[in-house]
Amino acid sequence: SQELEQSPQSLIVQEGKNLTINCTSSKTLYGLYWYKQKYGEGLIFLMMLQKGGEEKSHEKITAKLDEKKQQSSLHITASQPSHAGIYLCGADIWGTYKYIFGTGTRLKVLA
Amino acid sequence: EAGVVQSPRYKIIEKKQPVAFWCNPISGHNTLYWYLQNLGQGPELLIRYENEEAVDDSQLPKDRFSAERLKGVDSTLKIQPAELGDSAVYLCASSNPDSHEQFFGPGTRLTVL
């Protein structure tokens, strides 16, 4: 079973629309990370969340970690074609040295 | 500042052949990771190094996979012999002790025929 569940698996939106991607863990997380990956390339770090209830923004992308530190959401406002790619959440599991990734959400933005 | 460098970018081999991937992390990054990424999946950790010591290799299939980071800088991941199921992207990442942020290389796409 997947320790980090992402939803949806894929998303197609019209340019200008808002969207949300979710990442859920059954275990308490030490840190939650969001990455973006384009086909054939490595992962690009977007942001890290560590405190329960924490929220961070970078340009039009906002991510939040819930109080229990088991779920995070990534929100894109007024999406653009440049936002297209695969969004992956990664996490440190509390009390372990284990670092895991979700299966990713493939985003397509139609111009 | 140069990012994580990986080579080759692409490799096509026949099954049962050996193959090796090379990674040069960002200067000053003590921690180095090798991941395997199958199509449509997130990366899965194969091995993590702290300097030259492999601190987590629990997911490395040791019957055919090996890795080394002799001087605590660049690293090599080897598969011998390769199997059809090894076709995937092999990603290398590095981080420094003060941060959990990992910097990824572009990956090596392996195709085993």
Side-chain angles (χ1 to χ4, degrees), chain A residues 1-11 21-25 29-51 54 56 58 63 65 69 72 74 85-94 96-108, chain B residues 1-11 21 23-26 29-50 53-60 88-111:
Chain A
S1 65
Q2 195 67 30
E3 292 181 271
L4 273 185
E5 295 280 349
Q6 274 188 249
S7 64
Q9 286 187 332
S10 63
L11 198 52
I21 299 169
N22 294 302
C23 177
T24 303
S25 171
L29 306 173
Y30 177 80
L32 189 288
Y33 311 80
W34 284 100
Y35 294 87
K36 180 183 177 183
Q37 185 178 31
K38 291 196 171 181
Y39 182 76
E41 299 180 15
L43 281 67
I44 299 170
F45 174 82
L46 295 176
M47 57 190 88
M48 170 188 172
L49 303 164
Q50 226 173 353
K51 298 176 184 175
E54 186 176 12
K56 286 187 177 178
H58 175 67
L65 183 63
K69 296 176 64 173
S72 178
L74 183 87
I86 302 169
Y87 289 82
L88 290 147
C89 61
D92 298 300
I93 303 296
W94 186 270
T96 76
Y97 290 104
K98 210 172 173 185
Y99 193 99
I100 57 175
F101 283 89
T103 53
T105 296
R106 189 176 296 270
L107 172 64
K108 189 172 184 178
Chain B
E1 179 183 327
V4 176
V5 179
Q6 288 189 251
S7 69
R9 288 296 311 277
Y10 304 92
K11 189 75 177 177
F21 315 125
C23 172
N24 193 25
I26 292 173
H29 282 192
N30 297 343
T31 308
L32 184 146
Y33 311 77
W34 281 104
Y35 290 92
L36 177 155
Q37 186 176 26
N38 287 305
L39 189 65
Q41 300 293 318
E44 298 171 31
L45 182 67
L46 290 172
I47 189 168
R48 177 168 66 96
Y49 282 95
E50 295 289 345
E53 183 183 357
V55 295
D56 183 359
D57 63 355
S58 57
Q59 301 301 312
L60 189 72
V89 175
Y90 292 83
L91 293 164
C92 178
S94 69
S95 65
N96 69 46
D98 300 327
S99 171
H100 290 258
E101 179 183 347
Q102 295 183 34
F103 294 81
F104 282 80
T108 296
R109 182 174 296 276
L110 174 67
T111 302

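Within every chain, numbering begins at 1; the chains are lettered A, B, ... in the order of the sequence lines, protein sequences first and strands thereafter. Since the model is a prediction, treat every value here as computed from it, not as a measurement.
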- Note on the structure: Honestly, the part of Phe103(B) sitting under 4.5 Å from a heavy atom of chain A is neither
- When heavy-atom pairs shorter than 4.5 Å are enumerated against chain B, which of Gln37(A), Arg106(A), Met48(A) gives the highest number? Gln37(A)
- Item | Neighbour count above 12 (heavy atom, 6.0 Å) for Gln59(B) CD | no
- Note on the structure: Counting heavy-atom pairs under 4.5 Å with chain B, the top scorer among Phe45(A), Tyr33(A), Tyr30(A) is Phe45(A)
- d(Glu101(B) CD, Met47(A) CE) to nearest 0.5 Å is 11.5 Å
- Got a second to check how far Tyr33(B)'s OH is from Tyr99(A)'s OH, nearest 0.5 Å? 7.5 Å
- Atom NZ of Lys56(A): over 12 foreign heavy atoms under 6.0 Å: yes
- Answer with side chain, backbone, both or neither: which region of Gln102(B) has an atom nearer than 4.5 Å to a non-hydrogen atom of chain A? both
- What part of Leu43(A) lies closer than 4.5 angstrom to a heavy atom of chain B: side chain, backbone, both or neither? both
- Closest approach of Leu91(B) to Gly42(A) (non-hydrogen atoms, all atoms of both residues): CD2-CA, 4.1 Å
